[in-house]
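Quick notes on the structure that follows.
Side chains included, hydrogens not; waters and symmetry mates left out as well; all remaining heavy atoms used.
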Protein chains: 2
Amino acid sequence: MEAREAKDRFYEAFANTARAIASPKRIEILELLAQTEYPVEEIARITGMTIANTSSHLQVLKQAKIVESRKQGTKVFYQNASLGVSDLLASLRTLTRARVAEVDQVVSEYFTARDSFEPLSHEELLQRTKTGDVIILDVRPTNEYAHAHIPGAISVPLGEIEAVVDTLPKSSLIVAYCRGPFCVLAPQALEILSAHGYETRRLASGMPEWQLLGLPVETNEHSSTQANAG
Amino acid sequence: MEAREAKDRFYEAFANTARAIASPKRIEILELLAQTEYPVEEIARITGMTIANTSSHLQVLKQAKIVESRKQGTKVFYQNASLGVSDLLASLRTLTRARVAEVDQVVSEYFTARDSFEPLSHEELLQRTKTGDVIILDVRPTNEYAHAHIPGAISVPLGEIEAVVDTLPKSSLIVAYCRGPFCVLAPQALEILSAHGYETRRLASGMPEWQLLGLPVETNEHSSTQANAG
DNA sequence: CTATTATTCAATTGATTACTAGACTATAGG
DNA sequence: CCTATAGTCTAGTAATCAATTGAATAATAG
């Protein structure tokens with residue numbers, strides 16, 4: 001009985017973590033917080049939930065030690081507790097995508113099939129930056145860029161793409177990345193750029209995956225969470 | 001509304017996978033099936049559940065495409081659908097362990113603190129096998145060994161450790177591994193061996209983790225699932 | 001035709017889940 | 001001190017779900 005109870009408590013601990021993540025809304029929150037910290041109100045706005053509901057979802061995640069919070073003035077900023085969260089999300093994505101055709105259906109429906117081109121792997125990117133003539137665009141909101149970005153990448157939030165169109169040299173390959181493999185920001189940005197005659201490629205994955213690979217990131221220490229997302 | 005529904009369905013797919021895993025019993029099953037395939041009856045016996053209950057847990061996992069089944073005679077063998085399952089379990093373990101002190105408490109209680117020695121990393125093992133004088137023991141049940149094992153490893157199920165004690169040269173380092181980082185088989189085996197004066201080390205992780213690293217495995221094509229586990 | 005093995009069904013028990021509205025708390029700034 | 005802002009907490013609702021067991025059913029081997 002002793003051992004039985006201990007064994008149950010043991011597996012229970014892992015099940016608790018899984019249970020905290022087993023909710024569409026909370027996964028959406030975690031994907032967002034994988035980019036950078038956000039205050040409750042903004043999380044609520046982005047996910048389309050009420051403040052109260054968002055707060056309670058965040059409590060669930062906090063109790064499972066999956067997210068952490070930091071109070072600043074009247075605001076409470078939440079962020080993922082560690083890169084391990086991104087790792088778990090990545091595993092979950094891989095396992096689900098490989099097995100559930102439905103996901104790709106939804107992807108091609110919601111994330112309209114803008115980028116028909118083969119995405120660029122991180123190895124390819126690193127290699128091509130050596131031989132030069134590559135411009136890397138980070139098309140996420142500026143606060144996410146500020147938190148962590150690929151060294152040398154330029155911050156151009158999706159809304160400002162039009163503005164920079166003619167400032168970029170047409171001789172360079174334009175590589176854009178955003179939040180992750182299912183994020184639409186980069187494909188949308190590249191659609192605009194390629195319509196203007198640029199040679200473009202999308203980076204296969206986003207910031208969290210880049211960090212998981214142990215690749216270097218650059219940070220802008222200051223401005224925390226001003227801009228916003230959709 | 002269209003986009004809203006698509007987004008919800010999208011995250012729902014991942015949440016479904018997570019929900020299927022968010023159960024202590026099912027995690028226990030998955031950890032077992034990460035070793036090799038097992039028939040329902042044996043899974044029930046090992047986990048201490050009724051056949052009916054085990055079957056229904058397996059249906060949940062099967063519907064989520066996390067496990068697959070194969071019918072042979074009157075038996076139905078289940079196995080994990082891919083290494084992605086082990087990957088997800090590993091992420092879940094890491095995230096939970098790092099954040100929940102409780103896990104380590106339970107570990108040190110249930111998995112009694114037999115191995116006080118620093119576990120051996122796979123890099124160290126590979127390095128030491130080059131310089132020779134290392135014997136690798138796979139102390140899992142023989143069917144799990146047959147399914148996949150470290151090249152050169154000798155199969156010595158825990159129950160047969162005593163029998164081989166004096167056949168192993170004392171000049172060699174004895175390295176044992178089993179199912180994973182929380183598996184007790186190897187520590188128990190090593191306790192016996194070190195009591196007999198052997199120099200012993202435990203491999204830090206088990207077969208699934210070894211495979212996740214892309215390291216080579218050896219297989220004995222035949223005998224499927226005869227021996228058993230506890 | 002019988003024993004074995006697994007699945008399914010029905011029923012029980014017990015609990016969670018997501019969510020909203022409104023009360024409450026904490027903080028910043030006048 | 002007062003007020004607006006931001007977030008948390010509580011209670012209630014409606015909806016499910018979850019784990020389990022035992023009995024009935026199905027599939028297969030011999």
**Request:** Please figure out whether A:Lys71 or A:Arg26 has its closest DNA chain C nucleotide nearer the 5' end.
**Result:** A:Arg26
**Fill in**
Walking DNA chain C from its 5' end, the first of B:Lys62 and A:Val60 to be reached, judged by nearest nucleotide, is B:Lys62
Can you tell which of [options] lies closest to the side chain of [X]?
X	options	result
A:Pro39	C:dT8, D:dG7, C:dT20	D:dG7
A:Thr50	D:dG7, C:dT20, C:dT5	C:dT20
A:Lys75	C:dA21, D:dT21, D:dA6	D:dA6
B:Asn53	D:dG7, C:dT8, D:dT21	D:dT21
A:Met49	C:dG22, C:dC19, C:dA6	C:dC19
A:Gln59	D:dC9, C:dT20, D:dT20	D:dC9

**Asked** Could you state the interatomic distance from CD (A:Gln211) to OG (A:Ser86), rounded to the nearest 0.5 Å?
**Response**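 It comes to 7.0 Å.
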**Prompt:** Using 30° and 60° as the class limits, which term best fits the ring planes of B:Phe10 and A:Phe182: parallel, tilted or perpendicular?
**Reply:** perpendicular
Counting only side-chain nitrogens and oxygens, does [X] get under 4.0 Å of the OP1 or OP2 atom of [N]?
X	N	result
B:Ser23	D:dA18	no
A:Thr74	D:dG7	no
B:His57	D:dT20	yes
A:Tyr78	D:dT8	yes

Protein-nucleotide distance ([X], atom [atom1]; [N], atom [atom2]), rounded to Å:
X	N	atom1	atom2	value
B:Ile51	D:dA23	CD1	C1'	15 Å
B:Glu42	C:dA6	CD	P	9 Å
A:Asn16	C:dT16	CG	C1'	13 Å
A:Asp8	D:dA18	CG	P	19 Å
A:Gln63	D:dC9	CD	P	10 Å
A:Leu58	D:dT8	CG	P	7 Å
A:Tyr38	D:dA6	OH	C1'	18 Å
B:Arg19	C:dT17	CZ	P	10 Å

Using a 3.5 Å distance criterion without hydrogens, assess whether the side chain of [X] forms a donor-acceptor pair with backbone atoms of [Y].
X	Y	result
A:Asn80	A:Leu30	yes
A:Ser55	A:Ile51	no
A:Tyr145	A:Ala153	yes

